[in-house]
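Just so it is clear, the values below take in all heavy atoms, side chains as well, and ignore hydrogens, waters and symmetry mates. Please read these numbers as outputs of a predicted model, since none were measured by experiment. Order of listing sets the numbers, starting from 1, for every ligand and every atom in it. The first residue in the sequence is number 1, and the count goes up from there.
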Amino acid sequence: MSDTAKSRAAALPHLRRGGLAKGDPIPLPLTMAAIFHAPGDATGFDQYGRFSNPTWDAVEQMLAHLEDAPCVAFPSGMAAISAVFFGLLKAGDRILLPSDGYHTTRALADRFLKSFGVAYDVRPTSSFLEGGFDGYRLAFVETPANPSLDICDIAAVAEAVHRAGAVLVVDNTTMTPFGQRPLDLGADIVIAADTKAPNGHSDVLFGHVASRDADIISRVTDWRETSGAIPGPFEAWLVHRGLETLDVRFDRMCTSAEMIARQLKNHRAISGLRFPGLESDPSHNLARAQMERFGFLISFVLASEDKAEDFINNCALMQAATSFGGVHTSAERRSKRGDAVPPGFVRLSVGCEPVEELWQAIEASLDAIGG
Ligand SMILES: Cc1ncc(COP(=O)(O)O)c(C=O)c1O
């Protein structure tokens with residue numbers, strides 16, 4: 001971890017300290033309120049739950065501290081992506097998306113943006129730079145992509161996208177601000193599903209948009225207030241609590257993932273192993289250059305759909321579940337979600353269990369399915 005990441009992590013649980021009066025609770029109070037006391041001119045105060053809420057403010061302050069940029073909170077990662085698209089795009093625009101990233105982002109463009117006159121193209125993450133960006137209003141990358149775990153060079157893409165007069169959005173969900181810093185690498189906007197590692201306990205959906213461009217922040221804030229895509233105060237409170245331990249959990253998960261990926265490499269049942277931290281991974285050199293950690297996601301292929309299901313369902317320390325980034329190790333066979341991967345393709349999200357015990361459980365389940 002770099003020195004700046006360490007000081008960012010150290011200050012995170014103390015952000016509210018300066019605003020505390022004698023007798024105030026140290027943990028964040030939960031403010032469940034649709035209306036606020038607002039006599040006369042209430043400008044500058046909370047007035048109505050669709051405009052603002054003190055619990056959102058606290059979670060946004062934490063996210064802004066982590067991103068080193070103003071942040072706007074949303075009720076899910078997809079709500080954050082929608083805010084960027086619907087807040088910034090207009091009929092006649094053309095956008096570029098990853099062909100191997102989260103499928104719902106493409107579904108949003110296909111099922112909704114298209115009918116509002118916004119066209120889209122797709123390109124693989126590993127060759128995202130090829131073909132240039134002329135004619136695009138916005139390019140959207142996900143790196144490492146879910147589930148391919150391919151990566152692209154954010155700084156190089158940002159430079160080329162800006163040369164073409166477009167805006168670069170990075171979905172940083174798989175990395176969190178502790179693992180990768182797209183705004184520092186030149187991206188205009190970061191979006192993330194805080195549903196994953198930032199909340200970390202798999203009990204809430206949440207998302208945010210971060211940008212150092214005041215106009216972008218103003219447009220997505222206006223979209224949130226006008227469309228009503230607002231986070232609930234209790235969800236914000238849970239994410240605030242989750243963020244307090246993100247550094248510890250993320251560190252454990254990334255360290256364990258490196259160890260487990262090295263063990264998986266030698267297992268006869270595995271092919272097509274992808275983990276950016278492995279020297280043999282096609283993305284390794286770029287990952288070393290642009291990521292602060294290698295993440296907690298690993299993907300690989302087992303011989304068949306049945307073997308992959310047996311591996312996941314019979315591993316004592318693994319939850320069969322979609323999503324990732326929770327304290328529990330979980331895995332999913334991604335072809336069942338429609339991703340263009342082989343039937344035996346498994347995306348593994350390494351959790352916070354002690355790593356020796358976790359590896360023993362994974363190895364036992366792999367041994368049981370045979371080579
Ligand atoms: C990379 C990525 N971005 C965005 C999302 C959407 O997040 P949410 O499910 O919170 O809407 C997901 C969900 O899995 C994801 O994997």
query = Between His267 and Phe300, does the ring centre distance come in under 6.0 Å?
reply = no
message = Just to be sure I'm reading this right: ignoring hydrogens, which of Leu205, Thr104, Leu297, Asp171 gets closest to atom 4 (C) of ligand 1? Compare them by their nearest heavy atoms.
response = Asp171
note = of all protein heavy atoms, closest to atom 7 (O) of ligand 1 is Ala193 CB, 3.2 Å
request  = Give a yes or no on whether the backbone of Ile26 and the side-chain of Arg16 come within a donor-acceptor separation of less than 3.5 Å.
outcome  = yes
Nearest atoms (heavy-atom pairs only) where Pro75 meets Ala229 = CD-O, 3.2 Å
key: Within 6.0 angstrom of Arg241 CZ, more than 12 heavy atoms from elsewhere   = no
query = At a 4.0 Å threshold, what atoms of ligand 1 neighbour a non-hydrogen atom of Glu142?
reply = 1 (C)
task = Applying side chain to side chain contact (heavy atoms under 4.5 Å, CB included), name anything that partners Ala145, two or more places apart in sequence or on another chain.
result = Asp100, Thr125, Glu142, Ser148
query = For Thr195 and ligand 1, does the shortest N/O to N/O distance drop below 3.5 Å?
reply = yes
inquiry  = For Ala158, is there any backbone N or O sitting under 3.5 Å from a side-chain donor or acceptor partner on His162?
reply    = yes
inquiry  = Taking 4.0 angstrom as the limit and counting only heavy atoms of Phe324, give me the atoms of ligand 1 inside it, by number and element.
reply    = 16 (O)
message = Checking a contact table here: which protein heavy atom is nearest atom 15 (C) of ligand 1, and how many Å away?
response = Tyr102 CG, 3.6 Å
note = Residues passing the side-chain hydrogen bond (donor to acceptor under 3.5 Å, both in side chains) test with Asp153, sequence neighbours excluded, are none
message = With respect to Asn146, determine whether any N or O atom, backbone or side chain, lies less than 3.5 Å from an N or O atom of ligand 1.
response = yes
message = Would Met78 count as being in polar contact with ligand 1, using the rule that some N or O on each side must be under 3.5 angstrom apart?
response = yes
ask   = Is Gly77 in polar range of ligand 1, meaning some N or O pair under 3.5 Å apart?
value = yes
request  = Would you mind listing which atoms of ligand 1 come within a distance below 4.0 Å of any non-hydrogen atom of Lys196?
outcome  = 12 (C), 13 (C), 14 (O)
